[in-house]
Asks: 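This is the structure I want to talk about, given as structure tokens.
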Amino acid sequence: MNLPPGFRFFPTDEELVVHFLHRKASLLPCHPDVIPDLDLYHYDPWDLPGKALGEGRQWYFYSRKTQDRLTSNGYWGSMGMDEPIYTSSTHKKVGIKKYLTFYLGDSQTNWIMQEYSLPDSSSSSSRSSKRSSRASSSSSHKPDYSKWVICRVYEQNCSEEEEDDETELSCLDEVFLSLDDLDEVSLP
């Protein structure tokens, strides 16, 4: 799905969890509904353009949480880094960010996935509300939406890392730097 011209999708970790994932897990509508559902594990990372929400060289999508992260050509392996996500206002833990990298056979690639999930307490409260709704309408079977995750996938290039280390100057910075050069000029 494409955003209108001039709009960019660069959410913070907190925004991804609170405004998108929490609403999805709670079965609430999400406006704008721009992040698609995608069964990640049927696609290799280079197949994501056109299937997931792309912004720059990053792709976003909802997927189901699973232990089996195999694709047709490789697998997503954990990098062993899990970060808690806290709200900026109350510093309450609202999610977890897990880092994974894509492997082709035994070879690690430059493809990185950040998998955002809700903490266990949110999932269990969501499950208990579903149990009570299931008891009232046992004929309709609803999937457990507490198992949803949001994935951000991107390819990390060595050349981009080097460029990121360099500081890009704004026009105003360049003007101030040029004023420093005036100290060396003697005025009449």
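The first residue of the sequence shown is numbered 1, and numbering continues consecutively from there.
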Asks: Kindly write out the residues that satisfy salt bridge (charged side-chain N to carboxylate O under 4.0 Å, His left out) with Glu14, not counting sequence neighbours, or none if the list is empty.
Replies: none

Asks: Is there a continuous path of hydrophobic side-chain contacts, each under 4.5 Å between heavy atoms, that joins Leu48 to Val149?
Replies: no

Asks: Measuring from atom CD1 of Ile150 to atom CG of Leu118, what distance do you get when rounded to the nearest 0.5 angstrom?
Replies: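 If I round to the nearest 0.5 Å, the distance is 8.5 Å.
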
Asks: So, Arg152 side chain and Tyr60 main chain: donor-acceptor pair closer than 3.5 Å or not?
Replies: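 Pair absent, no side-chain N/O of Arg152 close to backbone of Tyr60.
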
Asks: Phe20 and Tyr116: side-chain contact (heavy atoms from CB on, under 4.5 Å), yes or no, with the steps?
Replies: CA-CA 10 Å; Phe20 291 96; Tyr116 297 85; over 6 Å; no

Asks: Does NZ or CZ of Lys93 come closer than 6.0 Å to the centre of the six-membered ring of Tyr86, within 45° of the ring's axis?
Replies: no

Asks: Applying a strict under-4.5 Å side-chain criterion to I, L, V, M, F, W and Y, I'd like to know whether Ile112 and Trp59 cluster together.
Replies: no

Asks: May I ask you to decide if Gly80's main-chain N or O and Ser78's side chain share a donor-acceptor pair within less than 3.5 Å?
Replies: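 Checked: pair present.
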
Asks: Which residue, Trp46, Trp111, Tyr43, forms the ring pair (Phe, Tyr, Trp, His ring centres under 6.0 Å) with Phe102?
Replies: Trp46

Asks: Within this structure, what is the OH-CE distance for the pair Tyr99 and Met81, rounded to the nearest 0.5 Å?
Replies: 6.0 Å

Asks: So do Arg23 and Pro29 actually touch side chain to side chain, heavy atoms under 4.5 Å?
Replies: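 Yes; the side chains approach each other to less than 4.5 Å.
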
Asks: Is there a path of hydrophobic side-chain contacts, each under 4.5 Å between heavy atoms of I/L/V/M/F/W/Y residues, joining Leu104 to Val153?
Replies: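 In one cluster with Val153: Leu104, yes.
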
Asks: Taking it one step at a time, do Trp148 and Arg64 satisfy side-chain contact (heavy atoms from CB on, under 4.5 Å)?
Replies: CA-CA 5 Å; Trp148 284 105; Arg64 302 286 288 180; 3.6 Å; yes

Asks: So how far is it from Cys151 SG to Leu100 CG, rounded to the nearest 0.5 Å?
Replies: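 Spacing of SG (Cys151) from CG (Leu100) equals 8.0 Å.
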
Asks: Report yes or no: does Thr71 contribute a side-chain atom to a donor-acceptor pair with the main-chain N or O of Asp44 at less than 3.5 Å?
Replies: no

Asks: What verdict does the salt bridge (Lys or Arg N to Asp or Glu O under 4.0 Å) test give for Asp37 and Lys51, after you've listed the backbone C-alpha separation in whole Å, the side-chain angles of each residue and the deciding distance to 0.1 Å?
Replies: CA-CA 9 Å; Asp37 296 350; Lys51 294 177 179 60; over 6 Å; no

Asks: Look only at the side chain of Gln58 and the backbone of Glu55, and say whether a donor-acceptor pair between them is shorter than 3.5 Å.
Replies: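 No.
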
Asks: Would you say the side chain of Asn157 lies within less than 4.5 Å of the side chain of Arg57, judging by non-hydrogen atoms?
Replies: yes

Asks: Does a side-chain heavy-atom distance below 4.5 Å link Leu53 with Pro36?
Replies: yes

Asks: What is the distance from atom CG of Asp39 to atom OG1 of Thr66, rounded to the nearest 0.5 Å?
Replies: 8.5 Å

Asks: Under the side-chain contact (heavy atoms from CB on, under 4.5 Å) criterion, do Ile35 and Phe9 qualify, and how do the steps go?
Replies: CA-CA 10 Å; Ile35 301 177; Phe9 190 75; 3.8 Å; yes

Asks: Following the transitive rule for hydrophobic clusters with a side-chain heavy-atom cut-off under 4.5 Å over Ile, Leu, Val, Met, Phe, Trp and Tyr, establish whether Ile96 and Val18 coincide in one cluster.
Replies: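 Ile96 does not cluster with Val18.
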
Asks: By the definition salt bridge (charged side-chain N to carboxylate O under 4.0 Å, His left out), identify the one residue from Lys65, Arg69, Lys147, Lys98 that meets it with Glu115.
Replies: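 Only match with Glu115 under salt bridge (charged side-chain N to carboxylate O under 4.0 Å, His left out): Arg69.
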
Asks: To the nearest 0.5 Å, what is the distance between CG (Leu16) and CZ (Phe10)?
Replies: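 The CZ atom of Phe10 is 12.0 Å from CG of Leu16, to the nearest 0.5 Å.
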
Asks: Nearest 0.5 Å please: distance from the OG atom of Ser63 over to the CG atom of Leu38.
Replies: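 That separation rounds to 6.5 Å.
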
Asks: Restricting to side-chain contact (heavy atoms from CB on, under 4.5 Å), what partner residues turn up for Thr90, sequence neighbours left out?
Replies: Thr87, Lys92

Asks: With sequence neighbours left out, write down each residue that passes side-chain contact (heavy atoms from CB on, under 4.5 Å) with Tyr103, or none if nothing qualifies.
Replies: Tyr75, Thr101, Gln108

